[in-house]
Amino acid sequence: MLARCLCLFALLALSSACDQWPNTTETKVNWWQCSNGPVMVTNVNPTDKSGNSEYPIRLTEPLLIATSINDPSSTYTTPGLKQTIKVWSWNMATCGWSSVPTFGLLNNIDACTNGVPCPIEPKNKVINLELDFSDTPAIINLLKNDKPYQLEYLLHDDPSKEDLCIIFQARALTHT
Ligand SMILES: *[C@@H]1O[C@H](CO)[C@@H](O)[C@H](O)[C@H]1NC(C)=O
């Protein structure tokens, strides 16, 4: 009887355990689009500077997010195109995402001088969005090495009021 009870407890504990790598981030990036167009994202592929696929991603050096887009009509460029990046770390205690402070460093900054190959035009099929946390040590120093992170990458075009937003979840190395 006692053995059966213990076994039941063990099963309950297992089923309620939090996944260390949510959404299979241990082995691959998980992404979705968080805007409704007009630009539609069809693929997201993190690469190193030479364009080779890279996983886990490394936040210690500039990272390219090769983003395949279907852009029917919009042209975005400086100074109207603004970039905001939000970061979350995976919290095993709550089994949810916890927001990481970015100290306003990544809010509404000029996208075209911060890693976006401007202009973004209808003829673009793949745009390489560069992410570079190496110049924001205040943020990178908060991030534990080899953990799952969630990033929201938002481009907002002031003149047209259009958004291009991608959320991606990835295993990331944050120390060399
Ligand atoms: C896992 O990914 C899906 C979309 O692919 C998302 O809706 C869900 O919130 C994600 N779960 C976590 C824990 O982030």
Side-chain angles (χ1 to χ4, degrees), residues 9-48 51-72 74 82-109 111 115-116 120 124-133 136 138-157 162-175:
F9 275 121
L11 272 179
L12 281 175
L14 266 183
S15 61
S16 63
C18 182
D19 198 345
Q20 187 189 350
W21 300 102
N23 274 334
T24 62
T25 43
E26 183 171 12
T27 52
K28 62 179 179 58
V29 65
N30 180 52
W31 67 272
W32 65 92
Q33 181 166 351
C34 36
S35 55
N36 300 319
V39 177
M40 297 307 290
V41 178
T42 56
N43 195 31
V44 166
N45 179 28
T47 76
D48 65 13
N52 302 312
S53 289
E54 168 177 287
Y55 207 84
I57 61 172
R58 278 176 297 167
L59 296 181
T60 45
E61 49 195 85
L63 169 80
L64 296 179
I65 310 293
T67 306
S68 306
I69 57 169
N70 181 354
D71 177 352
S74 316
K82 297 294 192 294
Q83 178 195 73
T84 296
I85 296 172
K86 293 182 187 160
V87 185
W88 291 263
S89 60
W90 182 241
N91 185 330
M92 292 279 289
T94 61
C95 210
W97 295 99
S98 296
S99 164
V100 173
T102 55
F103 314 106
L105 294 171
L106 305 176
N107 288 350
N108 212 35
I109 59 178
V116 176
I120 296 179
N124 294 152
K125 298 291 175 263
V126 176
I127 46 173
N128 285 309
L129 303 173
E130 191 188 87
L131 266 184
D132 188 1
F133 285 98
T136 48
I139 299 170
I140 194 112
N141 288 344
L142 296 174
L143 308 180
K144 288 197 192 114
N145 194 41
D146 202 11
K147 298 284 179 205
Y149 290 98
Q150 172 174 281
L151 284 102
E152 181 184 295
Y153 192 105
L154 170 69
L155 295 176
H156 177 78
D157 183 52
E162 291 170 358
D163 288 328
L164 171 55
C165 172
I166 304 161
I167 291 192
F168 64 96
Q169 302 175 330
R171 175 178 186 172
L173 306 178
T174 58
H175 296 286

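We count ligands from 1, going down the list as the structure has it; atoms in each ligand are counted the same way. Since this is a predicted model, take the numbers as computed values, not measurements.
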Is there a donor-acceptor pair closer than 3.5 Å between any side-chain N or O of Asn145 and the backbone N or O of His175?
->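 At least one qualifying donor-acceptor pair exists.
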Check whether any side-chain N or O of Asn91 sits under 3.5 Å from a backbone N or O of Ala93 as a donor-acceptor pair, and report yes or no.
->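 Yes, the answer is positive, given that a donor and an acceptor are paired below the 3.5 Å cut-off.
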Just checking, any donor-acceptor pair under 3.5 angstrom between side chains of Ser53 and Asn45?
->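 Distance-only check passes for Ser53 and Asn45.
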Under the ring pair (Phe, Tyr, Trp, His ring centres under 6.0 Å) rule, collect the residues that match up with Trp97, sequence neighbours excluded.
->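 For Trp97, the residues satisfying ring pair (Phe, Tyr, Trp, His ring centres under 6.0 Å) (neighbours in sequence not counted) are Trp90.
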Which pairs, with at least one residue in residues 34-47 and sequence neighbours excluded, count as a salt bridge (Lys or Arg N to Asp or Glu O under 4.0 Å)?
->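 Of all non-adjacent pairs touching residues 34-47, none passes salt bridge (Lys or Arg N to Asp or Glu O under 4.0 Å).
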Keeping to residues at least two apart or across chains, list the salt bridge (Lys or Arg N to Asp or Glu O under 4.0 Å) pairs with something in residues 51-69.
-> Glu54-Arg58, Arg58-Glu61
Would you please write out the protein residues whose heavy atoms approach any atom of ligand 1 to under 4.0 angstrom, listed by chain and number?
->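 Within 4.0 Å of ligand 1, protein side: Asn23, Asn30, Trp32, Trp90, Trp97, Gln169.
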